[in-house]
Amino acid sequence: MAVTIRIQTEHFDVTAETARLTAGRADIGAVVAFTGLCRDEGGRLSALELEHYPGMAEAEMSRIATEAQERWPLMGLTIIHRFGMIAPREEIVLVLTASTHRHAAFHAAEFLMDYLKTQAPFWKREHLKDGTVGEWVQAKGVDDLAAGRWV
Amino acid sequence: MAVTIRIQTEHFDVTAETARLTAGRADIGAVVAFTGLCRDEGGRLSALELEHYPGMAEAEMSRIATEAQERWPLMGLTIIHRFGMIAPREEIVLVLTASTHRHAAFHAAEFLMDYLKTQAPFWKREHLKDGTVGEWVQAKGVDDLAAGRWV
Amino acid sequence: MKLVYFAWVRERVGKTDEDVELPTSVSTVADLVRWLKGRGEEYEYAFENEGIVRAAIDHVHVKPEASVLQAREVAFFPPMTGG
Amino acid sequence: MKLVYFAWVRERVGKTDEDVELPTSVSTVADLVRWLKGRGEEYEYAFENEGIVRAAIDHVHVKPEASVLQAREVAFFPPMTGG
């Protein structure tokens, strides 16, 4: 079981990460990749600033990864979360899941995203096109509801 | 709404297809990519041969794409299905969905795969490591059940 | 009318496609299958289990009771296994 | 014991982290918050709505009733908005 967890400022490449995840295996039938992108919120945003809690972020992502492995028959998973200043159209987060069949890969990826959103210690702040630093993004009740589906 | 539907023998690149899908838009928050890969079935397989019905395959994929757009608020989707001889570890199919929020992208991708499996006119035949041409792959009742969830 | 065959239906019939003139007794897909089965062992073999072979008229999935009277191309094939 | 703060909790408290000696009256996260609020306006502001600020002890999410007696590092932060 290949598990990759990274927190980084650098960009990532879905094709390269998929190749890394599936390297040397011919029993993987399905790979699901979720990429979360920075939106410009109708042109208002110049960037999102992502703060995280080093140490705990890795620990929490590992815990979430372990839980996904216990729930679905996965052959590998990758979670990469960027931090720092992220411009509109840039990627923020990547979740990759590999399994023999597609439903396990889909559901595990959706689970990982729901839990990342509500459990991983990252916070977003808006930087606006007019040069000002905007508000911290508020957590959405709908995300807690989404994570609650898996309990 | 960017819709790309292709049937080809060539490989595809998830990163390049994602870039094409999201080009020029800063309102996409979520991209889900499903990649179906050829398994070697415990070392038995040398290749899968994929036959399709030209004309109808494109028509059916377009119909499925239209149905997904009617069900979820998508900003774009891509379906690429390969045919011909496909070796273990190679990709067979790609489904990409783009939306503002992740749940629409996840559900639309899962829907598209369930329908592709049961409605798109493609057939797989096994070619074995011992040089013989094996059986046509049998359709699975579980795929019909999966597609039935969306009715 | 053009008939086209795919996968093991094609192998059993022994051809990828053919042009046929339908007798007036044939008006539905089910009629067409019954008529084809009378044309030889290869067709009987291909359609031996009628519940399994699927049909499409002009690139659209249809049921056995669908009319073939306006059809340009009728296709027969096993359940799909793509994706 | 080390205290660390993130996002708007960090901004309101005015520091990223600090080392504190806890009085014996503090045994839970809730006690710690109450004690911090008595240390100045900045803490009162940061914790003005106790139901919102989350806590972690040594990198694990905890509830207000969790004991801080064995903790090396206690973190306070708003609800997470990553992903």
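Naming: A, B, ... by sequence-line order, numbering from 1 per chain.
- In this structure, CD on B/E110 lies 8.0 Å from CZ on A/R102, to the nearest 0.5 angstrom.
- Residue A/E10 qualifies as enclosed at atom CD: its count of foreign heavy atoms under 6.0 Å is above 12.
- Proximity to chain A (any heavy atom under 4.5 Å) is shown, for B/T35, by both the backbone and the side chain.
- Nearest heavy-atom pair, B/A146 versus A/H103, reported as atom, atom and distance to 0.1 Å: CB-CE1, 3.5 Å.
- Sparse packing is recorded around CD of B/Q138, with 12 or fewer heavy atoms of other residues, nucleotides or ligands lying under 6.0 Å away.
- The most heavy-atom pairs under 4.5 Å with chain A, out of B/C38, B/P88, B/G29, come from B/G29.
- The parts of A/A109 that come within reach of chain B are both its backbone and its side chain, each placing non-hydrogen atoms under 4.5 angstrom from that chain.
- For chain A, the nearby part of B/D27 is the backbone; its heavy atoms alone come within less than 4.5 Å.
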(request) Take B/H101 and A/R39 through the side chain to side chain contact (heavy atoms under 4.5 Å, CB included) test and state the conclusion after the steps. (result) CA-CA 10 Å; B/H101 295 294; A/R39 299 187 306 259; 3.8 Å; yes
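- Contacts between B/T100 and chain A at a heavy-atom distance below 4.5 Å involve backbone atoms as well as side-chain atoms.
- Interface summary for chain A: among B/I28, B/T18, B/T22, the most heavy-atom pairs under 4.5 angstrom belong to B/I28.
- Counting heavy-atom pairs closer than 4.5 Å to chain A, the top-ranked of the candidates B/V14, B/D13, B/V31 is B/V31.
- Within the 3.5 Å criterion, the main-chain N or O of A/T15 finds a donor-acceptor partner in the side chain of B/T15.
- Contact tally against chain B (heavy-atom pairs below 4.5 Å) for A/E91, A/K117, A/E90: the top residue is A/K117.
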